[in-house]
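Here the structure is laid out as structure tokens; the discussion comes afterwards.
Source: prediction; values computed, not measured. Numbers here are sequence positions counted from 1.
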Amino acid sequence: EPLEGAVLLDGKNIYKSKSLIKKWRYEVGHVPQDQFFSDDKLINNLTSSNPYIPLNDKHISKILNYASIDFAGTNINEIYRKKIGENACLLSGGQRQRISIAKALYGRPSILILDEATSSLDKSTESEILKNIYKFLNKITIISISHNLENLKESNKLYKIKGEYVLEYKSDKLSN
């Protein structure tokens, strides 16, 4: 809880109600640089971002497509059986990142935070995933943190952190 001010969700202070805090947590999808995975099946790792959403094969297939998860099998039954190992030790760094993206998307967030979310991917896969996210998820707020300006070219606004300052970055600089 902040020492001063308030965090408001729909005009209400989220710290005045446990249900508002819970709602807020499920409104935000976060793809950190390093994600935790349980020693469980892929499906259980994907759905852990919001266990209150009922399993829906169509939604799962959609997010697997958005995140370019093509390494887990060709049908939904294989996704339910696929084991990923303790902290996803059976997968590469890029595969873990794609699962992290799918995990964040599973919860249908209204805000998606991508923190160097594609740094372990090859350029082609990275480009495809980012195109999918920006094209198909255009109704949500996406906060993307990246050192790679190419990954930010679809952004409406860009900010650069320089020392202790946050500066608006001119989008026309992306073409240079």
Aromatic rings Y106 and H59: how do their planes relate, parallel, tilted or perpendicular, breaks at 30° and 60°? tilted

Other residues, nucleotides and ligands only: do more than 12 of their heavy atoms fall within 6.0 Å of CG on D57? yes

With a 6.0 Å cut-off (strictly less than), is the heavy-atom count around CD of E1, excluding the residue itself, greater than 12? yes

Ionic contact status for [Y] with [X], cut-off 4.0 Å:
X	Y	result
E126	K123	yes
D39	K83	no
K23	D10	yes

Will you find, in the side chains of [X] and [Y], an N or O donor that is under 3.5 Å from an N or O acceptor?
X	Y	value
Q33	S119	no
S146	S144	no
Y52	K22	yes
S48	N45	no

Would you sort out whether F37 and L42 count as a side chain to side chain contact (heavy atoms under 4.5 Å, CB included), showing the intermediate values? CA-CA 9 Å; F37 298 96; L42 173 58; over 6 Å; no

Using a 4.5 Å cut-off on heavy atoms from C-beta on, say whether the side chain of I76 contacts that of S61. yes

